[in-house]
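Here the structure is a predicted model, which means the values were calculated and not measured.
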Amino acid sequence: MDARVRDYVQIHLVVLAWGFTSILGRWIELEPVDLVIWRSGLAAAGFGLAAWLWGTRLREDPKRALGLMAVGLLLGWHWVLFFLSARLSTVSVSLAAMPTAMLWCSLIEPLVDGSRRWPKGELVIGAIMVGAVWLIYQVEFTHWLGFTVGLIAALLAALFAVFTKQWVARCPGLTIGFYQMSGAMLGVLIGLPLLEARGLAWPTGSDWGWLLLLAWGCTVATYLGYTDVLRRVSVFTVNVIYNLEPVYGILMALLFFGEAEQMSAGFYAGAAVIVGIVLALPWMRRRQSQRMAQESG
């Protein structure tokens, strides 16, 4: 197989695995909070093992380590709400909410990086996306709670992405993964008594196999595959393919859960608008950058 084709196959498999996490979240019988604690704990162990095999240093300045763990806490609660959304409604509904993280990022990042500038084009796109979200609420009102929880999960995903971007240039990827997964586990574990009177539930039966697949296959392995492809494929191309995650996820949900995942035509129209915007945005940004470069040149 040609090296370039192999890279494209690899990144599509990574995105397919990310879309598959919602399916695993429905199959695993643990409550969302317990599921995330086990997922992040096993993933932290996986990142630690990978760091040892690759000879990557895990020791960090305490202040930096706490910062990474705090950002990981956001990821942990994003996962909790994401899996909860799928159980309150359907996998398709929870996945339809996730691309709105792009809108949240556009609003939050200027506040974090200090520029405080919101591109007009992205604000217009955001307005269109809000219209698509409104359409989904109108035609699938019975799923309003699951979709709302999914939107909050997307907000936490955006906060996680924006803050992680601040760390990427300062720490090795495996180190970031190890501390963020540790922070996700501890952050959700601390919140467990507030949500449930009992202690942490232990996986039983087939849950162990699905959990290991979720933690090591859909978290650690996909992260390593993603960063490996980034060395040879442009960020632009990778991001375009990454935006196909909800498409893959919704198709897999229909395949595995059948009629339980079939939604109205209005839902698919709203979801198509959201996904279409997310897919078009990288090209728009690229054209804008090229135009600005020509004007400055």
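In this structure, Leu81 CG and Leu155 CG are separated by 10.0 Å, a value rounded to the nearest 0.5 Å. Between the CD1 atom of Ile176 and the CZ atom of Arg64 there is a distance of 9.5 Å, given to the nearest 0.5 Å. Interatomic distance, CH2 of Trp77 versus CG of Leu74, reported as 11.5 Å (0.5 Å rounding). Between the CD atom in Gln180 and the OG1 atom in Thr164 there is a gap of 4.0 Å [rounded to 0.5 Å]. Atoms CG and CG, on Leu35 and Leu211 in that order, are 5.5 Å from each other to the nearest 0.5 Å. Atom CD1 of residue Ile37 and atom CG of residue Leu189 lie 4.5 Å apart, to the nearest 0.5 angstrom.
The side chain to side chain donor-acceptor pair (under 3.5 Å) check on Ser206 picks up nothing, with sequence neighbours excluded. In this view, Glu29 satisfies the side chain to side chain donor-acceptor pair (under 3.5 Å) rule with no residue, not counting sequence neighbours. Applying the salt bridge (Lys or Arg N to Asp or Glu O under 4.0 Å) criterion to Arg59, with sequence neighbours excluded, gives no partner residue. Looking at residues two or more places apart in sequence or on another chain, you find no side chain to side chain donor-acceptor pair (under 3.5 Å) involving Tyr223.
Checking side-chain atoms of Ser22 against main-chain N and O of Val91 turns up no donor-acceptor pair under 3.5 Å. Side-chain atoms of Tyr179 come within 3.5 Å of backbone N or O of Leu58 as a donor-acceptor pair. Formation of a donor-acceptor pair under 3.5 Å by the His78 side chain with backbone atoms of Leu156 is not found in this model.
Screening residues 81-108 for salt bridge (charged side-chain N to carboxylate O under 4.0 Å, His left out), with sequence neighbours left out, gives no hits. Judged as a ring-ring contact (aromatic ring centres under 6.0 Å, His included), the pairs with a partner in residues 200-219 (not counting sequence neighbours) are, in order, Trp27-Trp210, Trp38-Trp202, Trp38-Trp208.
Annotation: side chain of Val36 is not in contact with side chain of Leu30 (no heavy-atom distance under 4.5 Å). Contact check for Ser40 versus Val188: no side-chain heavy atoms found under the 4.5 Å cut-off. Val229 is not listed as a side-chain neighbour of Val14, based on a closest heavy-atom distance of 4.5 Å or more. Inter-residue side-chain proximity for Leu174 and Leu224 is flagged as met; some heavy-atom pair is nearer than 4.5 Å. By the 4.5 Å heavy-atom criterion applied to side chains, Trp104 and Leu159 are not counted as neighbours. Between Thr175 and Glu60, some side-chain heavy-atom pair lies under the 4.5 Å cut-off. In this structure, Phe20 and Leu213 have side chains that are in contact, with non-hydrogen atoms separated by less than 4.5 Å. Contact check for Leu42 versus Phe47: no side-chain heavy atoms found under the 4.5 Å cut-off.
The two atoms that bring Ile11 and Tyr226 nearest to each other are CD1-CD1, 3.8 Å, heavy atoms only. Here the closest heavy-atom approach between residue Ala97 and residue Ala154 is recorded as O-CB, 3.6 Å. Between Ile23 and Met252, the shortest heavy-atom distance links the atoms CD1-C, 4.0 Å. Contact record, Gly225 with Gln10: O-NE2, 3.0 Å, taken as the closest heavy-atom pair. Closest approach of Ser94 to Ser85, counting heavy atoms only: CB-OG, 3.2 Å. The minimum heavy-atom distance between Phe83 and Thr21, with the atom names listed, is CE2-O, 3.4 Å.
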*asked:* Test side-chain contact (heavy atoms from CB on, under 4.5 Å) on Asp34 and Leu192; report intermediate values, then the result.
replied: CA-CA 8 Å; Asp34 302 294; Leu192 181 62; 4.1 Å; yes
*asked:* side-chain hydrogen bond (donor to acceptor under 3.5 Å, both in side chains), that's the test. Do Thr222 and Trp18 meet it? Break it down for me.
replied: CA-CA 8 Å; Thr222 54; Trp18 284 336; 3.0 Å; yes
*Would Leu24 and Cys218 satisfy side-chain contact (heavy atoms from CB on, under 4.5 Å), going step by step from the backbone distance to the final call?*
CA-CA 10 Å; Leu24 291 173; Cys218 297; 3.9 Å; yes
*Test side-chain contact (heavy atoms from CB on, under 4.5 Å) on Val33 and Leu84 and set out the steps.*
CA-CA 9 Å; Val33 174; Leu84 180 60; over 6 Å; no
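Cluster annotation: Leu66 and Leu186 are assigned to distinct hydrophobic clusters (Ile/Leu/Val/Met/Phe/Trp/Tyr, side-chain heavy-atom contacts under 4.5 Å, transitive). Using a 4.5 Å cut-off between side-chain heavy atoms of Ile, Leu, Val, Met, Phe, Trp and Tyr, with links allowed through other members, Trp52 and Trp54 fall into the same hydrophobic cluster. Cluster annotation: Ile190 is not connected to Val80 through the hydrophobic network of ILVMFWY side chains, with a link wherever side-chain heavy atoms come within less than 4.5 Å.
Side-chain contact of Thr219 with Arg39: a donor-acceptor pair under 3.5 Å is present, judged by distance alone.
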